[in-house]
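Input: a single structure, listed below in structure tokens.
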Amino acid sequence: MAEAPITKDIQRWPTQQLRGHRIEGWRYTNKEFARKEWEGMWTKVWLLLGRESELPKHGDWQMEEVGPEQILMVRQKDGSVKAFYNICQHRGNPLVTGEKGSVKRFVCKYHSWAFMPDGALNFAPDAEDFPEGNPCQNVRLEELRCETFAGFVWVNMDPNCVSLKEYLGPIWDDWSRWELHKWKRYVGLTTTLPCNWKVVLDNFNESYHVPTVHMGATIETNRRKVNGNINTNIYDTLFDLSNEGHNRMVMQGGFGVAQFEKDGTPKEPLKSLLAHWDIEPTLVRENPENGRKILQDAKRRVGQERGYTHYDNLPDEALTDAFHYTLFPNFAVSVWADGFHFLRARPHYNDPEQCVFDNWWYCSQPEGETHPVSTMVGPFPRDAENPHVVFKVGEVSMGKTIDEDIAVFVRQQTGFRSRGFKGVYLANQENRVRRYHELIDDYIEVRRP
Ligand code: FES
Ligand SMILES: [Fe+2]
């Protein structure tokens, strides 16, 4: 199927040595291991948390939870963003509730201590009554390391951490090309799943399951020929592991293969893509394997003048293919030419057999375009910025593909409880799963990169 090598213009990442240790079920169920992960890993890594566009003005705040922590991100007078633990330093009452808001001062609802957006304590009732001195001179909100990149707010609980740029390694340059800071969120679905957070990341760290779970492949299927909108053949797919622990997979997309109804009309997402770029469907239907090239050419030809300014930074492959990244430890994303499929698993505050799962979409939308042209499909209006919805698992569909993944997550967690499970047996194409687990152990054993 591949008409050209996928590696043109895509700089490969260095080769990694893997140790190949055993990954057993207790890693997904054991409370003591979860505690070690928290102390050794979660509190030492950069976490993608907020979005700059949620905080346009001085005093605007956004709050997100990770494990037992609530992290408050606040826009400063000078335009920067600071992050604090959402905790009043008087007696530990959380300062805010909810996802976002705007304040002149954060006023604690217990005894009215008032903190400025920069974390300084500005008022405490009866300030002269404190034997250790006026708290306004001695107390501030507890601050965390905070940086911004790609329009996101990133936070690290380790005061001695490396810079975000150093932590992200090759992700920094890769992602800069898409101009992601301009993209807007169109879908925000969040739920709690009855599985360990690593069940989710393991899944997004391999494409081995894709034919079985998402494409109806059976044991009779020739897997090298299962192609829908993306080419799942591992021999046409590019896999990379970075020194910093992040992973990348590039799968070719944009084909017309199996993307037409019997009557000749194209299926989604190809249908919307062809319409958006004024491509006659017969062009692709008659030569489905050329669909990728036809789409790339159309985007090159008119993308720039229609305001898709990032296309000039991207190699041809990125105009049609899925650039799938997993950022250690808990963030996975498929970056398409115009869609950023945001997948994140956050640990539960005290139960290793639960996690909080976010399935969001950000899309480019140049001025003058009436709706985003991502490959996003599912039960969401494509032309509106949908509100963030938090729900019980199963109450709302997260889209066909993610619903299929979730069904696997829930079943797999029950398998990890069994004494009959002897540990994973991984293929080369699952190296990213292995790498992740080895890195968790590196952090726990203080050997981190
Ligand atoms: S706990 Fe916040 S003012 Fe007392
Ligand atoms: Fe999947």
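In listed order, ligands and their atoms are each counted from 1.
Listing protein N, O or S atoms at distances below 2.8 Å from atom 2 (Fe) of ligand 1, with waters left out, gives Cys88 SG, Cys108 SG.
Residue pairs that meet the salt bridge (charged side-chain N to carboxylate O under 4.0 Å, His left out) test with at least one member in residues 14-27, sequence neighbours left out, are Arg19-Asp442, Arg27-Asp441.
Between Phe421 and Tyr28, the distance from one ring center to the other does not fall under 6.0 angstrom. Aromatic ring centres of Trp183 and Tyr362 lie farther apart than the 6.0 Å criterion allows. Here Phe149 and Trp46 keep their ring centres 6.0 angstrom or further from each other. Between Trp154 and Tyr167, the distance separating the two ring centers is not shorter than 6.0 angstrom. Taking the six-membered ring where the residue is Trp, the centroids of Phe340 and Trp175 are separated by under 6.0 Å.
Checked against the Fe ion (ligand 2), the N, O or S atom of His209 at the shortest distance is NE2. Within His214, the N, O or S atom lying nearest to the Fe ion (ligand 2) carries the name NE2.
Arg12 and Asp240 are joined by a salt bridge, as a carboxylate oxygen and a charged side-chain nitrogen come within less than 4.0 angstrom of each other.
Residue Asp405: an N/O/S atom is found under 2.8 Å from the Fe ion (ligand 2).
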